[in-house]
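Note that these values count all heavy atoms, side chains included, but never hydrogens, waters or copies made by symmetry.
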Amino acid sequence: MIFEQIENGGDRNLGYLVADEKTRKAAAVDPSYRPEYYIRRAGELDLELACIICTHSHHDHVNGNDHLIEELGLDVVMYRDAEYFYDIEVKDGEIFRLGELKLAVIHTPGHCEDGMCLLAEDKLITGDTLFVGKVGGTATEEEARKEYDSLRRLMELDDGIGVYPGHDFGVKPTSTIGYERNNNPFILQPTFEDFLHLKENWLAYKQQHNIP
């Protein structure tokens, strides 16, 4: 597998270029703000951009799609019933094939109803569900409950699985499931009520613990 994390700009957005090393077929994952870079980088690596995959439908993750569609005619892959335009829908538990590379789809609603994570070998692209030491924002208790359940699913993965988020909001741009399980204050909360309380009091918690 070829896997590159790309700094997209915006609000410290991160995107990914993922490819099957054998067939050279590649996907641009959340290619917001710098779509032209994905075209150039794919050319440098002798890759064929085959599709766009977006982890959810928020504007800061899909705003590069139009450029790639206009330039290369790429299909957009999103979770089913996504709010944003897409050509190919995927669902929870499905394996999306990129050449011979298998991308496992994990539905992770909460921050966004159509949010999903992608597991490619030992790397998990988490979108805005899980950041390093933080989690995605939610607006209601119902959304927070869904996110809490989504995060519990992710914590069932092996410790060594790499975590590759949609924003560089943490102290570093990537970590592992084991690191998040042992260090992320939201993951460490023993109950949903504690999780919700931390969300509601996050600014005070950050100041108290000197978290950027």
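Looking at Glu143, its side chain does come within 3.5 Å of a backbone N or O of Ala139 through a donor-acceptor pair. For Gln5 (side chain) and Leu14 (main-chain N/O), no donor-acceptor pair under 3.5 Å exists by modelled atom type. The main-chain N or O of Gly110 is never found under 3.5 Å from a side-chain atom of Thr138 such that the two would form a donor-acceptor pair. At least one donor-acceptor pair under 3.5 Å links the side chain of Asp87 to the backbone N or O of Val76. Not one N or O on the side chain of Asn65 forms a donor-acceptor pair closer than 3.5 Å with the backbone of Asn63. For Asp20 (side chain) and Thr23 (main-chain N/O), a donor-acceptor pair under 3.5 Å exists by modelled atom type. Judged by distance alone, with hydrogens and angles left aside, the side-chain atoms of Thr174 form a donor-acceptor pair with the main-chain N or O of Val163 at under 3.5 Å. A distance-only check finds no donor-acceptor pair linking the side chain of Asn8 to the backbone of Tyr33 [under 3.5 Å]. Although no hydrogens or angles enter the test, the distance criterion places a donor-acceptor pair under 3.5 Å between the side chain of His209 and the main chain of Tyr205.
Put simply, the side chain of Val132 reaches to within 4.5 Å of the side chain of Tyr179, judged on heavy atoms. Two residues are said to be in side-chain contact when any heavy atoms from C-beta on lie closer than 4.5 Å; Pro31 and Leu68 meet this criterion. Side-chain contact between Leu98 and Cys51 is present, with heavy atoms from C-beta onward closer than 4.5 Å. Considering only heavy atoms from C-beta on, Pro109 stays 4.5 Å or farther from Glu147 through its side chain. Put simply, the side chain of Glu156 does not reach to within 4.5 Å of the side chain of Ile177, judged on heavy atoms. In this structure, Leu154 and Ile106 have side chains that are in contact, with non-hydrogen atoms separated by less than 4.5 Å. With contacts defined as side-chain heavy-atom distances shorter than 4.5 Å, the pair Asp81/Asp114 does not qualify. Counting only heavy atoms from C-beta outward, the side chains of Cys54 and Val29 never approach each other to under 4.5 Å.
Phe192 carries Arg145 over the face of its six-membered ring, with the cationic atom under 6.0 Å from the centre and within 45° of the normal. Cation-pi check for Arg34 over Tyr37 is met; the charged atom lies under 6.0 angstrom from the ring centroid and within 45 degrees of its normal.
Using a 30° and 60° split on the angle between ring planes, His56 and His58 fall in the perpendicular class, above 60°. Ring geometry for Trp202 versus Phe186: interplanar angle of 30 to 60°, hence tilted.
Looking at every heavy atom in both residues, Pro165 comes nearest to Phe131 through CB-CD2, 3.7 Å. Contact between Asn13 and Ser32 at its shortest, heavy atoms only, is ND2-OG, 3.7 Å. Taking all atoms of both residues into account, the shortest heavy-atom contact from Leu17 to Ala42 is CD2-N, 4.2 Å. Residues Ser57 and Glu83 approach most closely at OG-CB, 3.6 Å, considering heavy atoms. When all heavy atoms of Ala26 and Ala19 are compared, the closest pair comes out as CB-CB, 3.6 Å. Gly133 approaches Pro185 most closely through the heavy-atom pair O-CD, 3.4 Å.
Using a 4.0 Å cut-off between charged side-chain N and carboxylate O, Arg153 and Asp92 make a salt bridge. Salt bridge present: Lys25 and Glu48 bring a charged side-chain N and a carboxylate O closer than 4.0 Å. A salt bridge links Glu113 and Lys146; the closest N-O separation between the charged side-chain nitrogens and carboxylate oxygens is under 4.0 Å.
Atom OG1 of Thr176 and atom CD1 of Ile161 lie 9.5 Å apart (nearest 0.5 Å). Between Ile187 atom CD1 and Tyr148 atom OH the span is 9.0 Å, to the nearest 0.5 Å. Here the straight-line distance linking atom CD of Gln189 with atom CG of Asn184 works out to 9.5 Å at 0.5 Å rounding. The distance from atom CG of Leu72 to atom CD of Glu70, rounded to the nearest 0.5 Å, is 10.5 Å. Interatomic distance, CG of Leu119 versus CZ of Phe96, reported as 15.0 Å (0.5 Å rounding). In this structure, SG on Cys112 lies 9.0 Å from NE2 on His61, to the nearest 0.5 angstrom.
At a cut-off of 3.5 Å, with distance as the only test, a side-chain donor of Glu180 or Ser175 sits close to an acceptor on the other residue. Side-chain contact check for Thr108 and Thr129: at least one donor-acceptor pair (N or O, by modelled atom type) lies under 3.5 Å. Side chain to side chain, Asp60 and His167 meet the donor-acceptor criterion of an N or O pair below 3.5 Å. One side chain, Asp30 or Thr55, offers a donor N or O that lies under 3.5 Å from an acceptor on the other.
Residue Glu142 places its CD atom among 12 or fewer non-hydrogen atoms of other residues, nucleotides or ligands, all under 6.0 Å distant. Within a 6.0 Å radius of NZ in Lys199, more than 12 heavy atoms belonging to other residues, nucleotides or ligands are found. Summarising the local packing, NZ of Lys172 is surrounded by more than 12 heavy atoms from other residues, nucleotides or ligands at distances under 6.0 Å. Counting heavy-atom neighbours within 6.0 Å of Glu89 CD, excluding the residue itself, gives a total above 12. Within a 6.0 Å sphere centred on CZ of Arg97, other residues, nucleotides and ligands contribute 12 heavy atoms or fewer. Annotation for Glu4: atom CD counts as buried by contact number, over 12 foreign heavy atoms lying within 6.0 Å. With a 6.0 Å radius and a threshold of 12 heavy atoms from other residues, nucleotides or ligands, Lys102 has its NZ atom at or below the threshold.
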Verdict with supporting geometry, Lys91 and Glu94, side chain to side chain contact (heavy atoms under 4.5 Å, CB included): CA-CA 6 Å; Lys91 60 182 184 296; Glu94 184 174 334; 3.5 Å; yes

Verdict with reasoning, Phe85 to Asp66, per side chain to side chain contact (heavy atoms under 4.5 Å, CB included): CA-CA 10 Å; Phe85 164 82; Asp66 287 348; over 6 Å; no

Verdict with supporting geometry, Ile39 and His67, side chain to side chain contact (heavy atoms under 4.5 Å, CB included): CA-CA 10 Å; Ile39 297 174; His67 181 82; 4.2 Å; yes

Verdict with reasoning, Tyr79 to Val105, per side chain to side chain contact (heavy atoms under 4.5 Å, CB included): CA-CA 9 Å; Tyr79 196 77; Val105 176; 4.2 Å; yes

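A distance below 6.0 Å separates the ring centres of Tyr164 and Phe3.
There is a path of hydrophobic side-chain contacts, each under 4.5 Å, that joins Met116 to Ile88. Tracing side-chain contacts under 4.5 Å through hydrophobic residues (I, L, V, M, F, W, Y), one reaches Leu49 starting from Ile52; they form part of the same cluster. There is a path of hydrophobic side-chain contacts, each under 4.5 Å, that joins Ile125 to Leu101. No chain of hydrophobic side-chain contacts below 4.5 Å, direct or via other Ile, Leu, Val, Met, Phe, Trp or Tyr residues, connects Leu151 to Leu188. Clustering ILVMFWY residues whenever any of their side-chain heavy atoms sit less than 4.5 angstrom apart, transitively, puts Met78 in the very cluster that holds Leu74.
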